[in-house]
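Each remark here refers to the structure printed beneath this line.
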Amino acid sequence: MSVSRRLFSSMSLGFPLLSFSTQSRAQSASPQARIKLDTERVIGEVHPHVFGNFAEHLGRCIYGGLYEENSPLSDSEGFRKDVMEAIRGLGVTLLRWPGGNFVSGYDWKDGIGPKDQRPTRPDQAWGDLDSNRFGTDEFLRYCEKLSIEPYVCINAGLGSVNEAREWVEYCNEPRRTSWSDARRRNGREQPWGVKIWGLGNEIDGPWQLGHKNAEDYVKFAREAGKAMRRADESIQLIASGSSDFGGNADWVGWNREVLEGLKGDIDYISLHTYIGNRENNFERFLAVSRDIDYRIEVVEGMIHAAKTGRRSQRPIYISFDEWNVWYRARGGNTEFDTGRTRLEERYNFEDALAMGMFLNSFIRHANIVKMANLAQVVNVIAPIFTNPQGLYLQTIYFPLAEYAKQKNNIALNTLVESPTYSIDNRGPIPYLDVSATHSKTENAICLNVLNKSESKDITTRIDEADGKLSGDAEVWFLNHGDFKTEHTFGDDKKVLPTVNPVKLRLDGRGFNHTFPAHSLSIVKLKLKA
Ligand code: AHR
């Protein structure tokens, strides 16, 4: 095995359950990998919005997911109480709505006022009918109930600049105007105060209603942003960055032009990425972390380039505002065909490991990735799956919920030396995919390690630079013998993490530990007082 050494950026590692027997095995094997932790090597704060999520009018995400009127499982407002409970457990901090492709054909005015008077419209993105019974006030009320930050994406496809401006006025205007009065008539006296607004969805994609080239998109987004800020100058704006990374797409050019054209106006640029394992090749599936890191780093460089030479510009961050595994529940040649499958992806054990891969990358880039939204929250490519009688938690739910506890921690630049592998001459790819965060409030380091090797356990020497480890640790661990194991109704306990307190056998500034093949570990290392 070759060994890669990576300074100033912790690569993702795989990790086993730290049971006492595993620990003693680790003590006897000589290390093949090395991790060095240092709380003084700071990348940045893990922003809480990195644990955001996404709800689109698509399939059963809203209707039958978040919202089910007249269900015994719902509250008096029609919100499914069991789903709210599961969302709380997931640690969701922010919710993006109403799309997605859906928003590029959406008229927000259809979704306000008395529900029985709202029009049913064909959803032009996915081919369904939308009753509009869940609209702006329902979404914002839902976020308020869950203490989640709302993120509203405007229609930059078939919509107009003025519709976007009016939407901000409806939500945020404190004075008496026709739109704020409409909000009052609809039951909301105080402004909703929506801070985060997206300037359209995937406008780079030919599948998008109202798809534009970069030049036309910049013109639209600049004017929309200007008009929206006339309605509320405090809002934050997210430009539609790359979602199309296909062979013919100039994704670098799109982002460059958008950043050049909108710098000074925007606060974030978005990236979207879905991955899959069609070839049923586990190590190839998890090798895609290189692409995720690369896309972030290329866009970060372009942000710096766009801002060079201009003082007093607002900072621009990356919002990775759609990400997940999505490849089975896709049908047909277009996204419109795909919508008919309702995107009800069933997740297995290897998909759960992929959650660690994405989140490790976001944490390693915590200085620039200040928002990330799993797509989506319920039923549609989602960790929560309902039927009219209840719900179950998919395999991906558990790592997502555990990582979310690291919000507000400080991401650390961690030295990682790991055995590597190659895929199609692409390499070296470290088997150990690692990120680490420092919690000052808990006086602990969280070490997140994904072992991407299908078959090799990797014994690792783990040191803390200043010898601050106390010897007390807690290990969250996810592993399974069958990569394809899924959960379903009544059978949802197969891919569950174990959590164990561990007394480390320290020697010098650290200890040896073995990360089993195909596993994800989150090791909370308590520091000395
Ligand atoms: O999340 C499903 C779809 O994926 C979204 O509507 C779109 O933005 C992306 O292509």
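Whatever order the structure lists ligands and atoms in, that order sets their numbers, starting from 1.
In this structure, the ring of H57 has its center less than 6.0 angstrom from the ring center of F102. Note: W108 and W197 fail the aromatic proximity criterion, with ring centroids not under 6.0 Å apart.
A cation-pi arrangement is present between K212 and F220 under the rule of less than 6.0 angstrom and at most 45 degrees off the ring axis. With a 6.0 Å cutoff to the six-membered ring centre and a 45° limit on the axis angle, R346 counts as a cation-pi contact of F385.
Using a 4.0 Å cut-off between charged side-chain N and carboxylate O, R284 and D424 make a salt bridge.
Any N or O atom pair closer than 3.5 Å counts here, and W126 shares no such pair with ligand 1. Some N or O of Q376 is nearer than 3.5 Å to an N or O of ligand 1, by distance alone. Ligand 1 has no nitrogen or oxygen under 3.5 angstrom from a nitrogen or oxygen of W326.
Interface atoms of ligand 1 facing I381, defined by a heavy-atom separation under 4.0 Å, are 1 (O). Ligand-side atoms of ligand 1 in range of E202: 7 (C), 8 (O), 9 (C), 10 (O), range being under 4.0 angstrom from any heavy atom. Interface atoms of ligand 1 facing F54, defined by a heavy-atom separation under 4.0 Å, are 1 (O). Near N101, meaning under 4.0 Å from one of its heavy atoms, ligand 1 places the atoms 5 (C), 6 (O), 7 (C), 8 (O), 10 (O).
Not a single heavy atom of N324 sits under 4.0 Å from any atom of ligand 1. Every heavy atom of F102 sits 4.0 Å or more from the atoms of ligand 1.
One side chain, R165 or N162, offers a donor N or O that lies under 3.5 Å from an acceptor on the other.
Partner of S242 under the side-chain hydrogen bond (donor to acceptor under 3.5 Å, both in side chains) criterion, chosen from T273, D250, N255: N255.
If you look at N201 next to ligand 1, the close heavy atoms, those under 4.0 Å, all belong to the side chain.
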